[in-house]
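First up is the structure itself, then whatever we jot down about it.
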Amino acid sequence: MPTLYLVRHGRAAAGWDADTDPGLDATGHAQAQTLAESLAPSGPLDLIASPMARTRQTAAPLARTWGLEPRIEPRVSEIQAPMADLTARGRWLRELGARAWPELDEPLRRWRADVLAALLETQRDTVVVTHFIAINVAMGAAIGDERVVGFSPDYCSVTILRRVGDRLTLVQAGAQGATRVL
């Protein structure tokens, strides 16, 4: 029964509706360092990060502490908006957050299934540095909540799940906080 530590990335230098792949701002880098200090005694554990700059930068202090390289896993990356216009992306995400997975189109449901598949493939205790909606996917699956957003994980919060066979179960919800887009 592997334990998954789902970490939301640190605070980004720009919002979802302002930049497609921002890195961390100064606060986000400090949050990542604090996260590494708090998780250091638990490891080294397997470490996975989405390919986005903010998740890789969040994982970096922990990777240095444990002397390993995170495995980059595209399936735990940010949800993909169907448009490039940044203002429209922000509006789309806000509207998406008020919906439930069964009402969404096939590409979005497939993205959700891919996130869950990546998490359910873990064989060992693993830290996964990922994103707001991806954490909601995992939390929703663990507690049977079909809403796209039912939980607001704060920056660098740690939500702990356990993989039991082909299911995720909730051990502990991470700290909640405000987000700039939702």
Applying side-chain hydrogen bond (donor to acceptor under 3.5 Å, both in side chains) to Arg167 and not counting sequence neighbours gives none

In Å and rounded to the nearest 0.5 Å, what is the OG1 to CE distance from Thr122 to Met1? 12.5 Å

Would you check if Arg75 and Val115 make a side-chain contact, meaning some heavy-atom pair closer than 4.5 Å? no

Could you state whether Leu168 and Ile160 fall into the same hydrophobic cluster, counting links through intermediate Ile, Leu, Val, Met, Phe, Trp or Tyr residues with side-chain heavy atoms under 4.5 angstrom apart? no

With side chain to side chain contact (heavy atoms under 4.5 Å, CB included) as the criterion, how do Leu170 and Met139 come out once you've worked through the C-alpha distance, each side chain's angles and the decisive distance to 0.1 Å? CA-CA 7 Å; Leu170 178 64; Met139 174 77 112; 3.6 Å; yes

Do Val76 and Leu6 pass the side chain to side chain contact (heavy atoms under 4.5 Å, CB included) test, and can you show the C-alpha distance, the side-chain angles, and the key distance before you say yes or no? CA-CA 10 Å; Val76 299; Leu6 300 185; over 6 Å; no

Contact summary for Trp111 and Glu78, nearest pair of heavy atoms: NE1-O, 3.8 Å

Distance-minimising heavy-atom pair for Pro22 and Ala13: CB-N, 4.3 Å

Less than 4.5 Å apart, side chain to side chain, heavy atoms only: is that true for Pro2 and Thr126? no

Under 3.5 Å: donor-acceptor pair, side chain of Gln57, backbone of Leu24: yes

Taking atom CD as the centre, does Glu37 end up with more than 12 heavy-atom neighbours from other residues, nucleotides or ligands that are less than 6.0 angstrom away? yes

Do the rings of Trp92 and Trp16 sit parallel, tilted or perpendicular, given the 30° and 60° boundaries? parallel

Flag side-chain contact, heavy atom, 4.5 Å: Arg124 against Leu45: no

How about Pro153 and Asn136: do any of their side-chain heavy atoms sit closer than 4.5 Å? yes

Give the minimum heavy-atom separation between Cys156 and Ala32, together with the two atoms involved. SG-N, 3.8 Å

Rounded to the nearest 0.5 Å, what separation is found between the CG atom of Leu116 and the CG atom of Asp114? 9.0 Å

Carefully, step by step, assess Tyr155 and Thr27 under the rule side chain to side chain contact (heavy atoms under 4.5 Å, CB included). CA-CA 10 Å; Tyr155 296 114; Thr27 298; over 6 Å; no

Any chain of hydrophobic side-chain contacts (each under 4.5 Å) joining Ile72 to Met52? no

Does Asp46 reach the side chain of Arg71, with side-chain heavy atoms less than 4.5 Å apart? no

With a 4.5 Å limit on heavy-atom distance, are the side chains of Leu35 and Gln31 in contact? no

Working to the nearest 0.5 angstrom, can you tell me the gap between Leu161 CG and Gln172 CD? 10.5 Å

Identify, with sequence neighbours excluded, every residue that meets side chain to side chain contact (heavy atoms under 4.5 Å, CB included) alongside Pro102. Ala100, Glu146

How long is the span from the CG atom in Leu68 to the OG1 atom in Thr65, to the nearest 0.5 Å? 9.5 Å

I'd like to know if the side chain of Arg163 reaches the main chain of Gly165, judged simply by a donor and an acceptor atom lying under 3.5 Å from each other, with no hydrogens or angles considered. yes

Under 4.5 Å between any side-chain heavy atoms of Val148 and Ile79, yes or no? no

For Arg56 and Ser50, which heavy atoms make the closest approach, and how far apart are they? CG-O, 3.5 Å

Only counting residues at least two apart or in another chain, list the ones meeting ring-ring contact (aromatic ring centres under 6.0 Å, His included) with His29. none

Atom pair CG/CD of Asp154 and Gln176 - distance to nearest 0.5 Å: 9.0 Å

I'd like to know if Leu4 and Ile143 are part of one continuous hydrophobic network [Ile/Leu/Val/Met/Phe/Trp/Tyr, side-chain heavy atoms within less than 4.5 Å]. yes

Following the transitive rule for hydrophobic clusters with a side-chain heavy-atom cut-off under 4.5 Å over Ile, Leu, Val, Met, Phe, Trp and Tyr, establish whether Ile133 and Leu86 coincide in one cluster. no

Interatomic distance, CZ@Arg8 vs OG1@Thr130, rounded to 0.5 Å, equals 10.5 Å

Indicate if Val137 and Leu93 have the same hydrophobic cluster label, given that clusters are the connected sets of ILVMFWY residues with side-chain heavy-atom separations under 4.5 angstrom. yes

If every non-hydrogen atom of Trp66 is compared with every non-hydrogen atom of Leu39, which pair is closest and at what distance? CZ2-O, 3.3 Å

Could you go step by step and tell me if Arg54 and Asp21 meet the side chain to side chain contact (heavy atoms under 4.5 Å, CB included) rule? CA-CA 7 Å; Arg54 58 197 176 276; Asp21 190 15; 3.9 Å; yes

Mind listing the closest non-hydrogen atom pair of Ala173 and Phe151 along with its distance? CB-CE1, 4.0 Å

